[in-house]
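Working notes for the structure below.
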Number of protein chains: 4
Amino acid sequence: MSERLTLDALNAMEEAGFVAALDGIFEHAPWVAQAAYAGRPFATVTALHEGLMAAVRSRPVDEQVAFVSAHPDLAGKAARAGDIAPASVSEQAGLGLDRLSDEEFERFERLNAAYRTRFGFPFVVCVRRLTRDAVLDAFERRLANDRETELATAIAEIGHITRLRLVEKVDGPGMPHVAGRLSTHVLDTHAGRPAEHVRIELFEVGRSSRARLTEVFTNADGRPHGVLLSGGPLRAGTYELVFHIGDHFRAHGVELPEQPFLDMVPIRFGISNPEGHYHVPLVATPWSYSTYRGS
Amino acid sequence: MSERLTLDALNAMEEAGFVAALDGIFEHAPWVAQAAYAGRPFATVTALHEGLMAAVRSRPVDEQVAFVSAHPDLAGKAARAGDIAPASVSEQAGLGLDRLSDEEFERFERLNAAYRTRFGFPFVVCVRRLTRDAVLDAFERRLANDRETELATAIAEIGHITRLRLVEKVDGPGMPHVAGRLSTHVLDTHAGRPAEHVRIELFEVGRSSRARLTEVFTNADGRPHGVLLSGGPLRAGTYELVFHIGDHFRAHGVELPEQPFLDMVPIRFGISNPEGHYHVPLVATPWSYSTYRGS
Amino acid sequence: MSERLTLDALNAMEEAGFVAALDGIFEHAPWVAQAAYAGRPFATVTALHEGLMAAVRSRPVDEQVAFVSAHPDLAGKAARAGDIAPASVSEQAGLGLDRLSDEEFERFERLNAAYRTRFGFPFVVCVRRLTRDAVLDAFERRLANDRETELATAIAEIGHITRLRLVEKVDGPGMPHVAGRLSTHVLDTHAGRPAEHVRIELFEVGRSSRARLTEVFTNADGRPHGVLLSGGPLRAGTYELVFHIGDHFRAHGVELPEQPFLDMVPIRFGISNPEGHYHVPLVATPWSYSTYRGS
Amino acid sequence: MSERLTLDALNAMEEAGFVAALDGIFEHAPWVAQAAYAGRPFATVTALHEGLMAAVRSRPVDEQVAFVSAHPDLAGKAARAGDIAPASVSEQAGLGLDRLSDEEFERFERLNAAYRTRFGFPFVVCVRRLTRDAVLDAFERRLANDRETELATAIAEIGHITRLRLVEKVDGPGMPHVAGRLSTHVLDTHAGRPAEHVRIELFEVGRSSRARLTEVFTNADGRPHGVLLSGGPLRAGTYELVFHIGDHFRAHGVELPEQPFLDMVPIRFGISNPEGHYHVPLVATPWSYSTYRGS
């Protein structure tokens with residue numbers, strides 16, 4: 001990230017340099033940067049991205065289809081064989097799409113095939129904004145769209161993909177808002193103060209399994225020392241925070257039954273907006289708790 | 001249960017009949033009923049049980065040890081081979097102790113052996129008051145007792161076992177309190193009324209797995225149509241209620257994100273008192289919920 | 001109430017007896033009972049009341065106006081002078097309308113005059129279903145109605161008034177539902193059990209003052225020993241429950257600051273449905289509380 | 001505050017200048033500054049204050065009594081007549097002690113007289129840290145102390161008084177912590193977001209009346225635009241926040257009964273630590289709410 005180009009430098013470039021500088025953001029489509037070049041100078045990085053997307057959206061349908069078609073299948077043969085843009089490779093790997101079981105690989109292949117048959121272009125989704133289960137949900141849901149809606153959806157997803165690539169290449173005023181945040185807070189209303197040193201585990205909850213993403217401990221203000229989820233978009237999907245609240249009360253000398261009423265408190269919640277802020281606090285006693293989407 | 005003896009009838013019996021009538025409650029120990037016979041007439045079934053247990057507790061230590069030793073190993077060879085009192089067979093089966101995997105069977109065997117070596121009598125526990133995991137916890141915890149404490153503990157467990165057997169055989173005034181109860185209630189504070197038709201699943205949560213015990217739906221007052229747990233002692237252990245609250249709000253036309261913030265809400269809680277009443281309500285909106293040990 | 005007529009007896013009466021038996025329910029209007037007589041036998045007391053009201057509603061507008069006009073002004077000269085039906089006297093007295101200050105009396109006079117000028121008939125309201133402030137609110141709100149709506153509203157209020165009178169005179173199957181109920185429950189989630197011996201005061205909250213209606217203490221289940229409000233319709237209006245929760249925690253040895261964070265907890269709420277059940281619980285620790293409309 | 005002396009400047013002064021600079025902090029007692037002078041240089045303003053107080057505490061009891069006796073009676077004749085240190089005048093005025101009714105004035109006189117008779121020195125309290133009612137409570141409570149405890153209490157109060165005066169005169173590293181803070185937050189869990197534009201009133205609740213201190217509105221994050229209480233110590237006492245939550249839900253199109261269940265929600269709470277942070281949020285739907293001491 002330290003060697004990002006400045007927006008000023010980009011605005012000052014000749015067309016060839018401009019197109020070269022943005023290479024890799026839109027896959028196999030230097031014409032996007034060429035068309036957007038006329039819109040210089042861009043006042044903000046957000047305006048630059050909008051200019052690029054406007055160039056895509058102004059093309060006739062058949063050219064848009066060709067543009068979408070230049071993207072690799074999700075978890076497809078191409079992705080396994082390596083014949084895709086380097087940025088795509090690492091994005092798909094982040095979701096574990098390069099480590100699918102044979103069964104899962106076949107499921108993706110079947111969905112890809114059904115999708116191509118129906119729409120005539122590959123399924124494109126910004127995988128950095130979804131959990132693996134949410135990708136499958138979106139795949140099935142979008143198969144029910146009509147072609148016009150689906151083409152617009154695919155291009156909107158390319159908008160998400162390229163926005164994320166752009167902010168890694170270009171720095172300047174008016175950066176697009178691409179980062180979400182998950183935060184929490186533990187309040188001990190038995191003692192009337194923040195709960196310190198509480199162990200909190202975060203899980204991604206899938207249809208058939210759940211994966212532990214991280215573990216944090218609360219500080220004196222009842223907030224995590226480290227970060228739960230941040231630094232980029234959150235993946236839309238289902239999560240579970242598990243608060244080891246029984247240990248907390250035991251450590252503070254509260255008399256509890258051998259089998260405490262509350263020990264590990266799970267809070268399962270969904271994230272739908274990858275760029276949103278999700279504050280999910282726990283307000284607890286040994287005998288009660290509440291949570292809510294806070295701010 | 002319909003052919004239970006009345007306490008009056010029992011109080012009116014000759015000693016031989018009295019002892020015969022109570023046969024099977026204290027395993028291999030007709031002397032308990034014989035010793036208690038002098039205490040007739042018993043005003044309540046509770047007093048009868050206390051009279052029987054007092055007969056046990058008044059014996060010298062070596063006789064108490066012999067008495068405890070007449071009980072089968074938990075999940076032991078005898079239990080498999082069938083050489084135990086019929087009541088023991090069905091009680092142990094209720095916990096699945098007759099269907100252990102080889103590994104689990106070996107673990108029980110190891111614990112049984114360690115216990116016998118340490119105390120010189122078999123491990124006795126009232127299995128109808130504990131989940132399988134809680135039995136293992138108790139096993140390990142009790143191995144750390146001194147012999148005097150442990151002998152008293154074993155006899156107290158025999159008290160629990162025989163109390164449950166007694167209430168199935170004898171009817172009359174002052175029945176011992178042997179039944180616990182788990183109840184719930186779902187309140188929709190988005191709409192300001194009880195939540196109807198909410199699906200609720202109940203799980204027993206073990207160390208390595210969880211088993212679904214039942215599923216109920218709420219009625220117009222937000223309470224389960226059927227019963228969650230009742231009819232006898234609850235098994236001390238860890239449980240999870242899962243409330244399908246997302247479906248409820250969706251069915252009532254509340255606009256929710258594709259990935260709702262709250263969908264299936266799990267509430268994990270411990271039961272420590274098998275004869276207690278556990279009321280575990282859910283007070284929820286699409287964006288918040290609270291629970292507590294109610295009454 | 002003990003000498004109520006049975007519905008059976010009423011159904012068996014000659015017309016003259018039937019009309020005489022219902023005298024005083026509809027003020028100065030024996031024709032209502034005469035007209036309803038044809039509908040006998042009534043299967044339920046509710047059906048009887050509906051038959052009486054149908055007789056009113058089937059009359060032409062000018063007769064309905066004459067019928068409404070036979071009712072006394074609210075808190076008006078007639079009410080002071082005693083020239084109204086005895087049932088009206090005690091109903092208006094229940095709200096303190098016979099004990100108004102000169103200023104309040106003038107305000108009612110002004111509203112009565114404006115109302116009569118606008119509609120040509122007196123303001124009729126079932127005073128047993130409203131607090132004094134709510135009567136004034138309704139008075140002002142209804143002054144904005146058109147005449148047709150307001151005539152129907154006045155007759156609906158006469159429906160409420162006569163329903164209450166009827167259930168005091170006639171007993172039988174299918175009694176109309178005329179009673180509301182206010183209940184509460186105090187749960188101590190610091191200790192994990194119902195809060196016993198908590199003092200609770202109930203106030204009616206008016207625009208300029210508040211009046212204490214009752215005081216109760218909780219029992220071992222955290223519910224009031226006595227009754228908060230019941231026995232008839234609740235008065236729609238604003239109320240406040242004040243829970244002396246600081247005393248409760250202090251009495252149980254919880255260490256509190258000299259000035260406890262929570263001491264007397266007020267919960268202010270509105271009742272809009274006089275025949276509804278309002279359950280307003282308090283779930284509290286020394287540092288937090290929640291309430292909700294329960295069931 | 002802009003012309004405060006720096007601690008460095010103070011540390012560099014000759015004794016006469018040092019004593020003159022601190023004049024007015026300890027009433028009629030230049031010897032305190034003289035005695036503390038030897039402790040220079042002070043590393044922090046807190047250390048300076050501790051040095052001054054140590055000088056007081058090291059004196060024999062009779063000198064301490066004489067020192068305390070130099071303070072005016074609270075709300076006493078001297079205070080009315082103007083014969084007290086200027087700082088005392090404005091501090092007592094802040095609490096309205098210069099505007100007492102005759103009855104209240106007599107009550108203070110009576111307490112002052114009883115106190116002087118019992119202890120032989122005047123009642124001293126840091127009035128900027130208490131509400132008027134809390135001053136009366138403290139007066140009565142302290143009358144029950146033994147003389148040694150009470151002398152120490154009076155000197156501790158002089159510590160609070162002089163700390164507040166010192167931070168207004170001297171600036172430098174390690175300022176004493178003298179400011180408390182009251183904050184709030186309104187969360188709408190019906191809509192799942194912070195509640196904007198909610199009107200919140202803050203009252204000081206006295207035994208016989210309550211006074212409105214301020215009114216604020218929430219911003220887009222559900223927090224007050226302005227400040228509730230801050231800028232100095234909070235006054236220990238009882239307060240009430242009133243949230244106009246009915247208006248909020250009505251403004252957002254939520255269908256409510258004519259008499260909403262929740263309209264103006266009062267939260268009454270006590271402040272015991274004038275230098276503490278009190279966060280008192282409201283988490284509400286039209287049918288439920290909760291609050292807690294947050295952080």
Side-chain angles (χ1 to χ4, degrees), chain A residues 129-131 133-135 137-138 140-142 182 189-190 203 205 207 210 234-246 255-274 276 278-295, chain B residues 129-131 133-135 137-138 140-142 182 189-190 203 205 207 210 234-246 255-274 276 278-295:
Chain A
R129 297 173 76 250
L130 296 170
T131 62
D133 270 35
V135 166
D137 286 348
E140 269 152 29
R141 202 170 48 238
R142 283 168 55 184
L182 171 65
T189 48
H190 186 269
F203 295 87
V205 178
R207 223 172 253 93
R210 52 182 222 165
L234 307 176
R235 294 185 187 282
T238 303
Y239 295 85
E240 202 169 285
L241 285 163
V242 176
F243 299 81
H244 292 245
I245 203 72
E255 223 178 293
L256 299 179
E258 214 150 77
Q259 190 77 45
F261 182 65
L262 299 179
D263 192 5
M264 288 180 281
V265 168
I267 296 188
R268 197 178 301 164
F269 61 97
I271 286 181
S272 57
N273 174 11
Y278 287 77
H279 183 62
V280 185
L282 181 74
V283 182
T285 76
W287 306 98
S288 65
Y289 65 90
S290 65
T291 189
Y292 49 81
R293 176 157 184 198
S295 76
Chain B
R129 298 174 75 252
L130 295 171
T131 62
D133 270 35
V135 166
D137 286 348
E140 268 152 28
R141 201 170 50 238
R142 284 168 55 184
L182 171 64
T189 50
H190 186 269
F203 295 87
V205 179
R207 223 170 254 94
R210 52 181 221 165
L234 306 177
R235 294 186 187 280
T238 304
Y239 295 85
E240 201 168 285
L241 284 163
V242 176
F243 299 81
H244 292 244
I245 203 72
E255 224 179 294
L256 299 179
E258 215 150 76
Q259 189 78 46
F261 183 65
L262 298 179
D263 193 5
M264 289 180 281
V265 168
I267 296 188
R268 196 178 301 163
F269 60 97
I271 286 180
S272 56
N273 175 12
Y278 287 77
H279 183 61
V280 185
L282 181 73
V283 182
T285 76
W287 307 98
S288 65
Y289 64 91
S290 66
T291 190
Y292 48 82
R293 177 159 184 195
S295 77

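So that the names make sense, note that chain A is the first sequence line, chain B the second, and so on, each numbered from 1. Hydrogens, waters and symmetry mates are skipped; everything else that's a heavy atom, side chains included, is used.
- If you tally non-hydrogen atom pairs under 4.5 Å between each of B:Ile271, B:Thr285, B:Val280 and chain A, the highest count goes to B:Ile271.
- B:Arg142 meets the salt bridge (Lys or Arg N to Asp or Glu O under 4.0 Å) test with B:Glu150; sequence neighbours excluded.
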Using distance only, find each side-chain donor-acceptor pair of residues 262-269 of chain A under 3.5 Å and give its atom names and separation, not counting sequence neighbours.
| residue | atom | partner | partner atom | Å |
| --- | --- | --- | --- | --- |
| A:Arg268 | NE | A:Glu240 | OE1 | 2.7 |
| A:Arg268 | NH2 | A:Glu240 | OE1 | 3.2 |

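- The residue among A:Pro260, A:Gly237, A:Pro257 with the most heavy atom pairs within less than 4.5 Å of chain B is A:Gly237.
- With a 4.5 angstrom heavy-atom cutoff, B:Thr238 touches chain A via backbone and side-chain atoms both.
- For B:Tyr278, the part lying near chain A is the side chain, with the backbone staying farther off; criterion is any non-hydrogen pair under 4.5 Å.
- Looking at B:Leu182 and B:Tyr239, their side chains never come closer than 4.5 Å, going by heavy atoms from C-beta outward.
- With contacts defined as side-chain heavy-atom distances shorter than 4.5 Å, the pair B:Tyr292/B:Pro281 qualifies.
- By number of non-hydrogen pairs under 4.5 angstrom with chain B, the leading residue of A:Gly270, A:Ser288, A:Ser290 is A:Gly270.
- Residue B:Val283 does not touch chain A at all, counting heavy-atom pairs closer than 4.5 Å.
- B:Phe203 is listed as a side-chain neighbour of B:Val242, based on a closest heavy-atom distance under 4.5 Å.
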